Amino acid sequence: MEEFLSPGLVISLIVVAIGIFIIAKGLVIVRQSEVMVIERLGSFNRVLESGVNIIIPFIERPRAITMIRYLRTGQDYQAVMSDEARIDRRETVMDFPGQPVVTTDNVTVSINGALYYQIIDPRRAVYEVANMSQAVEVLAKTTLRSVVGKMELDKLFESRAEVNNAIQAEMEEPASKWGVKLTRVEVQDISMPEEVEEAMRLQMAAERKRRATVTEAEGEKTAAIAKAQGQREAAILNAQGDKESAILRAQGEQESIRLVLSAIGDSEDNKQTVIGYLLGQSYIKVLPNMAKDGERVFVPYESSALLGSMGMFRDLAGSPEDAVRSSLKKDGLRAGMLGSSGQS
């Protein structure tokens, strides 16, 4: 038994055990999307990427980074701080609690935001700032107060995207010094006092009522304009029709007078007689319409004279229409006689 446990064998076993321990301590497997910052004797040495890596135990060791994360339970947030040797390079979201912010119109609102960031340079994230996540959070809160403090409450609700872009633009330069890239900032919830919220409801109702009144007035205006345009076009068409009708009537009367005068002669007395007869006919046509307006009809003095001249015209030469017919008959008889004489 003593020969089996010789000093050389014991030393060999100890050396093998120490070697296995050293290899186990020096063999480091880094997962995908993770890195490790390695220090040698207290100073930065290198960054281990994903895969199998070997370090020197007791001489080289990973440098941990302090991270703060919030656990949300209902409306409450609980901060959890941890030291992590493996640095996650994926995009991380920081959902920090709501912050009281005062707008330019002196309204205090509580804004809850979310910050999306990614660690680009692990060495700077470890050595350039003591607590990277806390620094980013404080920077986001102060920038949020600065940006929102320059805006009014109504403008804040209308331009959330503008607020997000402004916060991201102001945080980009200081965050880049810490090896952090800000991908986007989102304003999630905006809470305000109850009295301010009630005032906004009343203002919204009044604004909607005003818009409805304006819309109704514009509709009535449009309808009135369309109606006026229609009446204008109808009046123009009626006037054009009356004009053409008057022209046709005048042409017809002119032709009638010409035919009568050609039949009975165009002396001055005949002209006066024909004009009187035509005026008398116009009076006779108007009399039935005048009788509809009342039981008594007052006939002008001139109309009785015209009616008398019409009777005298009929007694002497018959009606103008009879004169025209006789004239046409004579012209036809004369044309027939001339035609027969020409044939003979």
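Since the structure is predicted, the reported quantities are computational estimates derived from the model, not experimental observations.
Panel note: side chain Thr222, backbone Glu218; a donor-acceptor pair is recorded below 3.5 Å. A side-chain donor-acceptor contact under 3.5 Å links Glu60 to the backbone of Ile56.
Here the straight-line distance linking atom CD of Glu220 with atom CD of Glu216 works out to 5.0 Å at 0.5 Å rounding. Between the CZ atom of Arg232 and the CD1 atom of Ile225 there is a distance of 13.0 Å, given to the nearest 0.5 Å. For the atom pair Arg46 CZ and Arg40 CZ, the distance stands at 6.0 Å (nearest 0.5 Å). Note: Ser146 OG to Met171 CE = 12.0 Å, rounded to the nearest 0.5 Å. For the atom pair NZ (Lys155) and CD (Glu162), the distance works out to 5.0 Å, reported to the nearest 0.5 Å. With rounding to the nearest 0.5 angstrom, the CD1 atom of Ile22 is 11.5 Å from the NZ atom of Lys25.
Under a 4.0 Å N-O distance rule, the pair Asp121/Arg123 does not qualify as a salt bridge. Ionic pairing of Glu207 and Arg210 is present here: one or more N-O contacts between side-chain nitrogen and carboxylate oxygen are shorter than 4.0 angstrom. In summary, Arg63 and Glu39 engage in a salt bridge, as defined by a charged side-chain N under 4.0 Å from a carboxylate O. Salt bridge status for Glu198 with Arg201: present, with a side-chain N to carboxylate O gap under 4.0 Å. A salt bridge does not link Glu34 to Arg90: none of the charged nitrogens lies less than 4.0 Å from a carboxylate oxygen. Between Arg69 and Glu84 there is a salt bridge, with a side-chain nitrogen of the basic residue lying less than 4.0 Å from a carboxylate oxygen of the acidic one. A salt bridge is defined here as a Lys NZ or Arg NE, NH1 or NH2 lying under 4.0 Å from an Asp or Glu carboxylate O, and Glu49 with Arg89 meets this definition.
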task: With side-chain contact (heavy atoms from CB on, under 4.5 Å) as the test, would you mind laying out the steps for Met192 and Ser110 before giving the verdict?
output: CA-CA 6 Å; Met192 65 190 71; Ser110 179; over 6 Å; no

- request: Start with the C-alpha gap between Val37 and Tyr127, add the side-chain angles, then the distance that decides, and say whether side-chain contact (heavy atoms from CB on, under 4.5 Å) holds.
  value: CA-CA 10 Å; Val37 177; Tyr127 293 103; 3.8 Å; yes

message: Run the side-chain contact (heavy atoms from CB on, under 4.5 Å) test on Glu137 and Leu115 for me, step by step, so that the C-alpha distance in whole Å, both residues' side-chain angles and the decisive distance to 0.1 Å come before the verdict.
response: CA-CA 8 Å; Glu137 177 188 354; Leu115 177 67; over 6 Å; no

Criterion side-chain hydrogen bond (donor to acceptor under 3.5 Å, both in side chains) on Thr183 and Glu91, from CA distance to verdict: CA-CA 8 Å; Thr183 55; Glu91 185 175 358; 2.7 Å; yes

task: Let me see the working for Thr92 and Tyr116 under side-chain contact (heavy atoms from CB on, under 4.5 Å), right down to the final yes or no.
output: CA-CA 6 Å; Thr92 305; Tyr116 295 84; over 6 Å; no

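A donor and an acceptor atom, one from each side chain of Asn45 and Ser43, are nowhere located under 3.5 Å apart.
Residues Asp83 and Ile65 fail the side-chain proximity criterion, which asks for heavy atoms closer than 4.5 Å. Ile55 places none of its side-chain heavy atoms less than 4.5 Å from the side chain of Asn53. In this structure, Thr103 and Lys150 have side chains that are not in contact, with every pair of non-hydrogen atoms separated by 4.5 Å or more. The shortest distance between side-chain heavy atoms of Ser159 and Met151 falls below 4.5 Å. Side-chain contact between Tyr117 and Arg184 is absent, with no heavy-atom pair separated by less than 4.5 Å. You'll find the side chain of Met94 reaches within 4.5 Å of the side chain of Ser133, heavy atoms only. Counting heavy atoms from C-beta on, the side chains of Ile38 and Val47 never come closer than 4.5 Å. Using a 4.5 Å heavy-atom cutoff, the side chains of Val163 and Leu156 are in contact.
Between Pro57 and Gly26, the shortest heavy-atom distance links the atoms CG-N, 3.7 Å. For Ile87 against Pro122, the heavy-atom pair with the smallest separation is CD1-CB, 4.0 Å. Taking both residues in full, the closest heavy atoms of Gly113 and Asp95 are given as O-OD1, 3.4 Å, listed atom of the first, atom of the second, then distance. Of all non-hydrogen atoms in Pro62 and Met36, the two that sit nearest each other are CB-CE, 3.4 Å.
The neighbour count for Glu194 CD, taken as heavy atoms of other residues, nucleotides or ligands under 6.0 Å away, does not exceed 12. Environment of CD1 in Ile120: crowded, with over 12 heavy atoms of neighbouring residues, nucleotides or ligands closer than 6.0 Å.
Linking ILVMFWY residues whenever their side-chain heavy atoms come closer than 4.5 Å, directly or via other members, leaves Val187 and Val138 in distinct clusters.
Each of Leu182, Leu139, Val148, Val147 was evaluated against Ile167; a single residue qualifies, Val147, per the side-chain contact (heavy atoms from CB on, under 4.5 Å) test.
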